[in-house]
Trainee: 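The structure under discussion is supplied below as C-alpha cells; questions concerning it will follow.
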Amino acid sequence: MKRTIDPLSALFSAEVMTQVEQMSMPYLGYLLLREKLAHRLLGESEAAILYWTGKELGNQLIVDSAEQLELIFIRLGLGRLDLLAHSEGQLRFRLSHTAYALLPLERLSRMLSWETGLLAGAVAAWAGRPAQAVLELQQGTDKKPVALISVRLDPVE
C-alpha cells in the first residue's frame, strides 16, 4: 500500500496546515501583500526574484502527479490549475483566478512569476531533471485574464 505524504509537508507542519485551512481570510489582505508590498520591496527585480523563490520552494514539494499540483494550488489559494497538455519534455497548464480581473496585465505578469517558478521547481523535482517555465497571459472568453504556463524539462543526457 502506498503511503500518502502531504505535498506541502516540506513547507509547513501538519498542525499549522490543519489550523490554517480551517480559517477564513479576507482576500484583500492577500492582494495587498501580493500587489503592493512585493513590488515596493523588490522593485524592478520583482519578477525575477519571485520566479526563483517560487522555483526553490517548488523543488521542496513532494509531488508525483499533475493532480497533486492542482490540489496544492487550490489549497494555497493560488487559483485553479488545469493541465492542458503533457508530452515527454513539456507540460502546459492553465491557471485562473477570479482576482486576475482586478489587476492590470502588467502587474499580473509580475505577480504570477512566483506561481510560474513554483511550477518549474515542482515539475523539476517530480521529473528528476531541471525545468524552466514561461508565463503567457491571454484574455479568456469571459474577458478575464487567463495564465498559460509552459514548463519545459531539460533533455535527458
Side-chain angles (χ1 to χ4, degrees), residues 4-14 16-42 45-86 90-127 131-140 142-153:
T4 304
I5 298 174
D6 189 326
L8 296 173
S9 64
L11 303 178
F12 303 105
S13 71
V16 167
M17 285 189 291
T18 300
Q19 289 180 16
V20 169
E21 287 181 334
Q22 294 174 6
M23 294 178 184
S24 175
M25 182 180 105
Y27 195 76
L28 193 56
Y30 174 78
L31 191 60
L32 176 69
L33 292 174
R34 291 289 305 260
E35 185 185 352
K36 302 296 181 188
L37 186 61
H39 183 64
R40 287 192 178 160
L41 286 174
L42 305 175
S45 300
E46 177 185 17
I49 292 170
L50 289 176
Y51 177 85
W52 290 107
T53 303
K55 191 170 183 180
E56 183 179 305
L57 288 172
N59 271 308
Q60 297 176 35
L61 296 176
I62 304 163
V63 298
D64 58 11
S65 70
E67 292 80 19
Q68 284 184 325
L69 287 172
E70 292 167 358
L71 183 57
I72 287 170
F73 271 67
I74 290 169
R75 289 177 68 195
L76 293 176
L78 300 175
R80 180 185 170 127
L81 182 70
D82 295 298
L83 179 64
L84 300 177
H86 183 196
Q90 183 169 324
L91 292 91
R92 187 158 170 90
F93 296 93
R94 176 181 49 233
L95 180 60
S96 56
H97 196 293
T98 54
Y100 294 173
L102 305 173
L103 301 166
L105 287 181
E106 186 274 327
R107 274 303 302 138
L108 193 56
S109 68
R110 288 176 175 263
M111 287 173 49
L112 291 179
S113 295
W114 189 79
E115 286 85 342
T116 303
L118 188 73
L119 280 174
V123 170
W126 166 24
Q132 294 79 40
V134 176
L135 170 68
E136 175 188 346
L137 289 174
Q138 295 181 346
Q139 290 294 338
D142 55 1
K143 303 288 185 193
K144 292 181 183 173
V146 175
L148 300 172
I149 302 173
S150 297
V151 182
R152 188 180 61 240
L153 293 161

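Remember, it's a predicted structure, so these values are computed and weren't measured experimentally. Positions are given from 1, in the same order as the sequence printed here.
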Trainee: Roughly how far apart are L118 CG and L50 CG, rounded to 0.5 Å?
Mentor: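 Interatomic distance, L118 CG to L50 CG, rounded to 0.5 Å: 11.5 Å.
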Trainee: Work out which heavy atom in A66 is nearest to a heavy atom in F93; give both atom names and the distance.
Mentor: CB-CE2, 4.5 Å
Trainee: Is there a side-chain contact between L112 and I149 in this structure, where contact means two heavy atoms from C-beta onward sitting under 4.5 Å apart?
Mentor: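 The answer is no; the side chains never approach within 4.5 Å.
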Trainee: For the atom pair CG (L108) and CG (L137), what is the distance rounded to the nearest 0.5 Å?
Mentor: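 Result: 5.0 Å between the selected atoms.
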Trainee: Take a 6.0 Å sphere around CZ of R152 and say whether it holds more than 12 heavy atoms from other residues, nucleotides or ligands.
Mentor: no
Trainee: Of all residues at least two apart in sequence or in a different chain, which pass the ring-ring contact (aromatic ring centres under 6.0 Å, His included) check with F73?
Mentor: none
Trainee: Can you give me the closest heavy-atom contact between A125 and G58, atom names plus distance?
Mentor: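 Closest heavy-atom pair between A125 and G58: CB-O, 4.4 Å.
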Trainee: Flag the pair M111 / Y100 as yes when at least one side-chain heavy-atom distance between them is below 4.5 Å, and no otherwise.
Mentor: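 A side-chain contact under 4.5 Å is absent here.
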Trainee: So, do V123 and L69 sit near enough that their side-chain heavy atoms are less than 4.5 Å apart?
Mentor: yes
Trainee: Do you know which two heavy atoms are closest between A127 and L153, and how far apart they sit?
Mentor: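 Heavy-atom minimum between the residues: CB-CD2, 3.7 Å.
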Trainee: Between L119 and L81, is any pair of side-chain heavy atoms under 4.5 Å apart?
Mentor: yes
Trainee: Can you name the nearest heavy-atom pair linking Q132 to A120, along with the distance?
Mentor: C-CB, 4.2 Å
Trainee: Any side chain to side chain donor-acceptor pair (under 3.5 Å) involving residues 102-117? Give me the pairs, sequence neighbours left out, ordered by first then second residue.
Mentor: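 Pairs touching residues 102-117 that pass the test: R34-E115, E44-R110, E46-R107, E106-R110.
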Trainee: Main chain of A48, side chain of S45: is a donor-acceptor contact present, judged purely on distance under 3.5 Å?
Mentor: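 Not confirmed, S45 side chain does not pair with A48 backbone.
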Trainee: Restricting to pairs with a member in residues 52-61, which pass side chain to side chain donor-acceptor pair (under 3.5 Å), not counting sequence neighbours?
Mentor: none
Trainee: What residues form a side chain to side chain donor-acceptor pair (under 3.5 Å) with E70, not counting sequence neighbours?
Mentor: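 With sequence neighbours excluded, E70 shows a side chain to side chain donor-acceptor pair (under 3.5 Å) to no residue whatsoever.
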Trainee: Heavy atoms only: give me the nearest A101-K144 pair and the separation to one decimal.
Mentor: CB-CG, 4.0 Å
Trainee: Not counting sequence neighbours, which residues clear side-chain contact (heavy atoms from CB on, under 4.5 Å) with L41? List them please.
Mentor: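 Result, side-chain contact (heavy atoms from CB on, under 4.5 Å) vs L41: L37.
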Trainee: Decide yes or no on side chain to side chain contact (heavy atoms under 4.5 Å, CB included) for L105 and Q139, but give the supporting numbers first.
Mentor: CA-CA 10 Å; L105 287 181; Q139 290 294 338; 3.7 Å; yes
Trainee: To the nearest 0.5 Å, how far apart are CD in Q68 and CD1 in I62?
Mentor: 9.5 Å
Trainee: Using the side-chain contact (heavy atoms from CB on, under 4.5 Å) criterion, which residues pair with R94? Sequence neighbours excluded.
Mentor: D82, L84, V146, L148
